[in-house]
> 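Please see the structure below; I have some questions.
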Amino acid sequence: MEQIESADVSHIVDSSSRELLDELNRKRSKARLWPFVGIAAVVMFGFGVSLGWPAWVVGIFAIITATGTYAAYIRDALQKTVVLFYDFDTDMEAAYAKLHAAASQLANCTSAWHIEASGKVHDRKYHAGASDLVRRRSTSIRKEDPPYVKTNIETVAVGVGRQTLHFFPDRVLVYDQTGEVTRAFRLPR
C-alpha cells in the first residue's frame, strides 16, 4: 500500500499565507504565563495557611491570587490569538453559504471516510475482483474554530488523518495533531 498524504499542498503557499502561517506559529509557540502564576498562588496560599494567617487574610489572598491567575490566563489567550475579520460582498456570502450547506450535508451522512492509503492488487481473484485496496478511517466534518484564531465567521473543519483542514472564505489552514499550522494556502476565486 502507498500512503496518501497531502504533502503536495506544501508547494502552494503564497506570500500572505506565509505571513499568516508564520504569525500563527509564532504566537502559538509563546510560553503561557498563567500556569506559573497559578502555581505561585497555590504555594503562597499554602505558605500563608501554614503560618497561621487569619482566615480573612487567607480569603482576601485567595481572591487576589485567583483574580491574578485569571488575568494571566486572559493575557495569554490574547497574546496567542490571531484575529481574522471578513467583510463579505453578496456573491462571496452566497458562495460561503454554499460551502456551509455542503459541509452540513456531508456531516449529516451516516459516515465519512478519509482514505489513508491505496494499493494495486496483483491477483484479483484473492480480493473478490477488486483492482485496488484502500485503507480508510472514519473522519468528521464539523463547524469548528481553529485553535488560537478568532474570527467573525464560522469555519468548516475536516479531519484528514493526522491533519485537520480549516476552510475560510479565502484560504485553508492545515493543522497537525499538535495544533501547529503546517500549511496555509489561498483558494482560487
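Not measured: the values here are computed from a predicted model.
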> Rounded to the nearest 0.5 Å, what separates atom NZ in Lys80 from atom NZ in Lys30?
8.5 Å

> Once the angle between the rings of Tyr96 and Phe88 is folded into 0 to 90°, is it parallel (under 30°), tilted (30 to 60°) or perpendicular (over 60°)?
tilted

> Membership question, hydrophobic clusters at under 4.5 Å side-chain separation (ILVMFWY): are Leu84 and Met92 in the same one?
yes

> Apply side-chain contact (heavy atoms from CB on, under 4.5 Å) to residues Leu24 and Tyr148 and explain how you reach the verdict.
CA-CA 8 Å; Leu24 283 164; Tyr148 303 116; 5.5 Å; no

> Assigning hydrophobic clusters by single linkage (Ile, Leu, Val, Met, Phe, Trp, Tyr; side-chain heavy-atom cutoff under 4.5 Å), is Tyr70 placed with Ile64?
no

> Heavy atoms only: give me the nearest His166-Pro147 pair and the separation to one decimal.
NE2-CD, 4.4 Å

> Donor-acceptor pair, distance only, cut-off 3.5 Å: does the side chain of Thr155 make one with the backbone of Glu144?
yes

> Determine whether Ile60 and Leu51 fall in the same hydrophobic cluster, where Ile, Leu, Val, Met, Phe, Trp and Tyr are linked whenever their side-chain heavy atoms lie under 4.5 Å apart.
yes

> As an exercise, state the distance from CD of Gln79 to CD1 of Ile74, rounded to the nearest 0.5 Å.
12.5 Å

> Which pair of heavy atoms, one from Pro169 and one from Ile153, lies closest together, and at what distance?
CD-CD1, 3.3 Å

> Find the distance between CG (Leu78) and NZ (Lys27) and round it off to the nearest 0.5 Å.
9.0 Å

> Is it true that atom OH of Tyr73 has more than 12 heavy atoms of other residues, nucleotides or ligands lying nearer than 6.0 Å?
no

> Is there a path of hydrophobic side-chain contacts, each under 4.5 Å between heavy atoms, that joins Trp56 and Phe61?
yes

> If you look at every heavy atom in Ala72 and Val37, which pair is closest and at what distance?
CB-CG2, 4.0 Å

> Check whether more than 12 heavy atoms from other residues, nucleotides or ligands sit under 6.0 Å from atom OH of Tyr86, and answer yes or no.
yes

> To check you understand the geometry: which heavy-atom pair defines the closest contact between Phe167 and Leu99, and what is its length?
CB-CD2, 4.1 Å

> For Arg137, is the CZ atom crowded, meaning more than 12 foreign heavy atoms sit under 6.0 Å from it?
no

> Would you name the heavy atoms of Asp76 and Ala31 that are closest together and state the gap between them?
OD1-O, 4.4 Å

> Phe36: what forms a ring pair (Phe, Tyr, Trp, His ring centres under 6.0 Å) with it, not counting sequence neighbours?
none

> When you look at Leu33 and Arg75, which way does the side-chain contact (heavy atoms from CB on, under 4.5 Å) test go after all the steps?
CA-CA 8 Å; Leu33 180 64; Arg75 176 215 166 265; 3.9 Å; yes

> So, Lys150 side chain and Val83 main chain: donor-acceptor pair closer than 3.5 Å or not?
no

> Which is it for Val160 and Thr139 under the side-chain contact (heavy atoms from CB on, under 4.5 Å) test, yes or no, and what are the steps along the way?
CA-CA 7 Å; Val160 288; Thr139 190; 5.5 Å; no

> To the nearest 0.5 Å, what is the distance between CG on Asp176 and CZ on Arg162?
10.0 Å

> Would you say NZ of Lys143 has more than 12 non-hydrogen atoms from neighbouring residues, nucleotides or ligands within 6.0 angstrom?
yes

> If I compare all heavy atoms of Thr69 with all of Trp34, which pair ends up nearest, and what's the gap?
O-CB, 3.9 Å

> Nearest 0.5 Å please: distance from the CZ atom of Arg142 over to the OG1 atom of Thr164.
5.5 Å

